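The next block holds one structure in the form of structure tokens; read it before the comments.
All figures in this text were calculated on a predicted structure; none of them were measured in a lab.
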Amino acid sequence: MASNTLFDGIFKSKFVTQFLNKNTMIQFGKTFAIGIAAAGCDFLIYHLLIKYFKLWSVFSSGASQIVGFWASFLLNKFWTFKIKENFLRQLSSYTVLFMFNLAFSSLAIYLLVDVMNMDEYFSKIFIMGLIFIWNFVLYKIIIYKAKGSSK
């Protein structure tokens with residue numbers, strides 16, 4: 001019975017309930033669609049830089065991520081979360097997150113591809129999936145949160 005109380009307590013917490021509602025599911029779907037489009041561009045540029053320009057996988061990964069930065073930021077800001085204010089604050093928070101993601105993915109690509117000899121495409125997709133998950137949570141609770149809102 002104690003485990004049910006703990007389980008119920010977790011699902012009734014403010015943090016969890018903000019993710020278990022219709023609005024958040026719509027936001028998740030929009031973020032996912034933007035993520036797929038950005039990932040497609042990211043992956044295409046990554047592929048072109050590696051295959052045709054013969055550039056290093058770490059450089060190619062970083063360059064391809066930069067391409068999707070602005071499109072992803074603006075689409076999430078105005079279409080997904082519909083936040084018109086706080087542009088500079090959100091841009092700076094998004095930039096910090098982007099820089100963390102860039103550093104993490106560059107290190108992870110290096111470790112998976114160059115050190116562990118894993119497939120460079122599988123590695124890229126795996127890392128992109130991890131980044132998507134923590135990005136949505138941080139978008140929802142920090143970056144695109146409207147002032148005075150618990151969206």
Side-chain angles (χ1 to χ4, degrees), residues 10 13-151:
I10 291 170
S13 73
K14 182 179 177 185
F15 179 78
V16 172
T17 57
Q18 75 177 327
F19 288 95
L20 298 177
N21 62 60
K22 182 181 176 184
N23 185 49
T24 298
M25 294 299 115
I26 291 169
Q27 290 172 338
F28 184 85
K30 287 180 175 182
T31 301
F32 187 75
I34 292 166
I36 292 295
C41 291
D42 184 338
F43 198 77
L44 176 64
I45 291 165
Y46 178 73
H47 171 71
L48 293 172
L49 293 175
I50 286 175
K51 180 143 180 119
Y52 297 105
F53 292 93
K54 306 294 184 205
L55 297 176
W56 184 35
S57 60
V58 174
F59 175 81
S60 298
S61 180
S64 66
Q65 284 181 309
I66 290 169
V67 171
F69 174 86
W70 280 102
S72 180
F73 170 73
L74 294 171
L75 284 169
N76 275 307
K77 177 175 179 49
F78 294 113
W79 183 53
T80 302
F81 295 97
K82 298 179 175 140
I83 304 295
K84 306 240 182 313
E85 68 274 357
N86 302 322
F87 185 86
L88 291 177
R89 182 191 64 78
Q90 290 168 345
L91 179 60
S92 63
S93 297
Y94 193 91
T95 301
V96 168
L97 178 60
F98 173 77
M99 296 305 290
F100 174 81
N101 290 342
L102 184 61
F104 170 81
S105 64
S106 296
L107 176 61
I109 283 283
Y110 171 75
L111 291 173
L112 293 176
V113 175
D114 293 345
V115 175
M116 299 173 67
N117 294 314
M118 293 181 69
D119 180 75
E120 54 202 8
Y121 297 107
F122 171 79
S123 299
K124 180 71 173 171
I125 292 168
F126 176 73
I127 292 163
M128 290 167 77
L130 288 176
I131 289 172
F132 172 78
I133 292 166
W134 72 59
N135 278 357
F136 180 74
V137 172
L138 293 173
Y139 292 167
K140 179 79 175 162
I141 63 173
I142 297 172
I143 295 175
Y144 297 113
K145 182 177 180 180
K147 279 188 177 180
S149 171
S150 61
K151 267 187 172 179

Are [X] and [Y] close enough that some pair of their side-chain heavy atoms sits under 4.5 Å apart?
X      : Y      : value
Phe98  : Ile131 : no
Phe136 : Thr24  : yes
Tyr110 : Ser57  : no
Trp134 : Phe104 : yes
Phe100 : Val96  : no
Ile141 : Lys145 : no
His47  : Tyr52  : yes

I need the minimum non-hydrogen distance between [X] and [Y], along with the two atoms involved.
X     : Y      : value
Ile50 : Glu120 : CG2-OE2, 3.8 Å
Ser61 : Ile109 : OG-CG1, 4.0 Å
Gln27 : Lys140 : OE1-NZ, 2.7 Å
Asn21 : Asn23  : OD1-N, 3.1 Å
Thr80 : Lys30  : OG1-CB, 3.4 Å
Gly62 : Leu102 : CA-CD1, 3.4 Å

Any chance [atom1] of [X] has more than 12 other-residue heavy atoms, nucleotides or ligands included, within less than 6.0 Å?
X      : atom1 : result
Phe69  : CZ    : yes
Phe78  : CZ    : yes
Phe126 : CZ    : no

Roughly how far apart are [X] [atom1] and [Y] [atom2], rounded to 0.5 Å?
X      : Y      : atom1 : atom2 : value
Asn76  : Ile83  : CG    : CD1   : 11.5 Å
Ser92  : Ile143 : OG    : CD1   : 9.0 Å
Leu111 : Ile127 : CG    : CD1   : 8.5 Å
Asn117 : Asp119 : CG    : CG    : 11.0 Å
Ile26  : Phe81  : CD1   : CZ    : 12.0 Å
Ser64  : Lys124 : OG    : NZ    : 3.5 Å

Taking [X] for its side chain and [Y] for its backbone only, find out whether a donor-acceptor pair lies under 3.5 Å.
X     : Y     : answer
Asn86 : Arg89 : no
Asp42 : Ala38 : no
Lys77 : Glu85 : yes

Applying ring pair (Phe, Tyr, Trp, His ring centres under 6.0 Å) to Tyr139 and not counting sequence neighbours gives Tyr94, Tyr144
Sequence neighbours excluded, the answer for ring pair (Phe, Tyr, Trp, His ring centres under 6.0 Å) partners of Phe87 is Phe73
